[in-house]
Amino acid sequence: MNAATARTTAPQWNAEVADADRARYARCIEVSRRVRWDIDRDVIRGRDFDFDRTFLPAGLSLVNKLDFLDSDERRFFSQVQGRTYAWMFGLCERFIGAKMLQTSGLHWLGDQKALEALVRFSDEEIKHQELFRRLEALLDARMPDGHVKTAEPNAVAQFVLARRNWAVLALVYLIELFVQRHYEESIAPTQELCPLWKDVFLFHFREECQHSVMDEIEWRAEDARLDHDERDAAMDDLIALLGAVDDILRAQADADAAYFVAACGRPFGMRQHLLVLDVLRRAYRWQYIASGERHPRFGQALAKLCTPAQRTRFEAALASIVPED
């Protein structure tokens, strides 16, 4: 089977596509300049977190599944998840920033608009990492001792970056899409959130919107370089990456369940403890895998770049990690 017959209706990487993408890169630069923000001047502004308010909204935390929690415990549950939410983004942005710097090398002596856009992308990801480190210091000063991070950012980045470019770009695209989905569907509409926490993800969202555009362009460009067998191997890598993400999420859910129960200061029965753990695992799998994988734009892109058999294999692997409720 040759590459032409193995593919679906993916557009060829031709002059017309390149011209359209060049215009999209120019637009990303324009928007990046307009929305650019500073951590202290625009986001933190001398403020601290308001621990009388919710952090992560119920649509993401799934706290409504825990009907035995009182109002203070529900709020603390959102704060525990909110802390992990910020940490997880910092962890992901370690490998995203490195991958975009690496990808920019394809344009060093080529399209300078693409190069500028990707360098801006990388710069913004580095800034986001610094923002989330600053937030962790604020949270560490006010939240109960004992919160554990179960993965080390550089080790995760080394594992991810060792995989094929196609798979890494697909994972990055999935992440950038769920950032937008979470903000638009859950964070923005929820009024009772801590103002600082909400602002963090407003400003984060504003820059990530451009990033997903570039992710899709570079993923498609990488796909055009592959034949069927190479894409088949890259799909194996993508499935392996999502399995590794799930390993991190399960370990973090275990740690967060233990932290939450210990910090609440009252006894939980075994059944209640297991329910807390189950909700955390479900919430994290939705937040960091399913909400991106089930985003319409991700599905549309995957359908154009893969054969039906490859998509079926991907969907079967995901169903084993995040079954439909």
Side-chain angles (χ1 to χ4, degrees), residues 39 43 49 55-56 60-61 78-103 121-140 143 146-163 167-183 187 197 200-201 203-205 207-208 211-212 215 237-238 240-260 280-293 321-322:
I39 293 173
V43 184
F49 289 104
F55 287 9
L56 202 67
L60 293 172
S61 73
S78 82
Q79 293 165 358
V80 172
Q81 284 205 46
R83 183 175 187 173
T84 288
Y85 190 78
W87 169 73
M88 278 291 294
F89 280 124
L91 180 144
C92 291
E93 285 165 345
R94 183 67 56 88
F95 65 77
I96 293 173
K99 172 51 67 176
M100 289 305 116
L101 277 174
Q102 185 183 72
T103 303
F121 185 160
S122 303
D123 174 64
E124 289 163 358
E125 293 293 295
I126 292 168
K127 179 178 65 176
H128 297 173
Q129 290 182 58
E130 173 62 20
L131 170 64
F132 291 125
R133 285 193 293 269
R134 296 276 299 278
L135 298 183
E136 178 56 33
L138 292 175
L139 293 165
D140 192 53
M143 292 186 74
H147 187 258
V148 173
K149 286 84 173 171
T150 60
E152 199 282 316
N154 282 339
V156 172
Q158 288 168 353
F159 176 84
V160 172
L161 296 171
R163 299 290 173 166
V168 179
L169 290 168
L171 176 63
V172 171
Y173 187 44
L174 182 151
I175 291 169
E176 308 283 13
L177 289 176
F178 74 56
V179 168
Q180 296 171 57
R181 184 173 192 173
H182 294 178
Y183 184 77
I187 296 172
W197 200 90
V200 165
F201 291 98
F203 284 97
H204 187 239
F205 162 81
E207 291 185 336
E208 297 290 335
H211 297 181
S212 66
D215 295 333
D237 274 359
L238 177 57
L241 285 172
L242 291 173
V245 170
D246 188 55
D247 288 343
I248 293 170
L249 299 180
R250 285 188 290 109
Q252 193 61 43
D254 291 354
D256 286 355
Y259 174 72
F260 173 77
L280 283 167
R281 287 182 175 178
R282 288 173 178 267
Y284 290 173
R285 282 169 168 158
W286 166 252
Q287 290 165 27
Y288 306 109
I289 299 177
S291 63
E293 178 265 326
I321 297 172
V322 191

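Fair warning: this is a prediction, and the values are worked out from it, not measured in the lab. Values below: every heavy atom of this structure, side chains too, minus hydrogens, waters and symmetry copies.
In this structure, a donor-acceptor pair under 3.5 Å is present between the side chains of Thr150 and Gln252. In this structure, a donor-acceptor pair under 3.5 Å is absent between the side chains of His204 and Tyr183. Side chains of His128 and Glu207: a donor-acceptor N/O pair is present below 3.5 angstrom, by distance only.
Every pair passing salt bridge (Lys or Arg N to Asp or Glu O under 4.0 Å) that includes a residue from residues 244-258 is listed here, sequence neighbours excluded: Asp246-Arg250, Asp246-Arg285, Asp247-Arg250, Asp254-Arg281.
At a threshold of 4.5 Å between non-hydrogen side-chain atoms, the residues Val245 and Leu241 do not count as touching. Using a 4.5 Å heavy-atom threshold, the side chains of Phe178 and Tyr288 count as touching. Counting heavy atoms from C-beta on, the side chains of Val148 and Tyr259 never come closer than 4.5 Å. Using a 4.5 Å cut-off on side-chain heavy atoms (C-beta onward), Phe203 and Ile39 make no contact. For the pair Leu249 and Leu280, the minimum side-chain heavy-atom distance is 4.5 Å or more. Using a 4.5 Å cut-off on side-chain heavy atoms (C-beta onward), Tyr85 and Trp197 make contact.
When atom types are taken as modelled, the side chain of Glu125 and the backbone of Ile96 share no donor-acceptor pair closer than 3.5 angstrom. With hydrogens and angles disregarded, a donor-acceptor distance shorter than 3.5 Å links the side chain of Ser291 to the backbone of Trp286.
The two residues Gln129 and Gly90 make their nearest non-hydrogen contact at CG-O, 4.0 Å. Between Ala167 and Asp237, the shortest heavy-atom contact is CB-CB, 3.5 Å. Minimum interatomic distance between Ser61 and Ala283 (heavy atoms only, all atoms of both residues): O-CB, 3.6 Å. Closest of all the heavy-atom pairs between Ile248 and Ala151 is CG2-CB, 4.1 Å. When all heavy atoms of Val172 and Phe95 are compared, the closest pair comes out as CG2-CE1, 4.3 Å. Closest approach of Tyr173 and Ser212 over heavy atoms only: CE1-O, 3.3 Å.
Annotation: the span from Ser78 atom OG to Arg83 atom CZ amounts to 13.5 Å, rounded to 0.5 Å. Here Leu139 contributes atom CG and Gln79 contributes atom CD; the two are 9.0 Å apart, rounded to the nearest 0.5 Å. Note that CG of Leu242 and CG of Leu174 are 6.5 Å apart. Values are rounded to the nearest 0.5 Å. In this structure, OG1 in Thr84 is found 11.0 Å from CG in Leu91, a value given to the nearest 0.5 Å.
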Given Val43 and Arg134, is the side-chain contact (heavy atoms from CB on, under 4.5 Å) satisfied, shown in steps? CA-CA 11 Å; Val43 184; Arg134 296 276 299 278; over 6 Å; no

Is there a salt bridge (charged side-chain N to carboxylate O under 4.0 Å, His left out) between Glu130 and Arg133? Walk through the geometry before answering. CA-CA 5 Å; Glu130 173 62 20; Arg133 285 193 293 269; 3.0 Å; yes

Does Ile175 form a side-chain contact (heavy atoms from CB on, under 4.5 Å) with Asp215? I'd like the steps, not just the answer. CA-CA 10 Å; Ile175 291 169; Asp215 295 333; over 6 Å; no

Stepwise side-chain contact (heavy atoms from CB on, under 4.5 Å) test for Phe89 and Leu131: CA-CA 10 Å; Phe89 280 124; Leu131 170 64; over 6 Å; no

CA sep, side-chain torsions, deciding dist, call: Ile126, Glu93, side-chain contact (heavy atoms from CB on, under 4.5 Å): CA-CA 7 Å; Ile126 292 168; Glu93 285 165 345; over 6 Å; no

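For Arg94, there are no salt bridge (Lys or Arg N to Asp or Glu O under 4.0 Å) partners, not counting sequence neighbours. For Glu152, there are no salt bridge (Lys or Arg N to Asp or Glu O under 4.0 Å) partners at least two apart in sequence or on another chain.
The aromatic rings of Phe55 and Phe49 are tilted relative to each other, their planes meeting at an angle between 30° and 60°.
Only one option out of Gln81, Arg181, His182 pairs with Gln287 in a side chain to side chain donor-acceptor pair (under 3.5 Å); it is Gln81.
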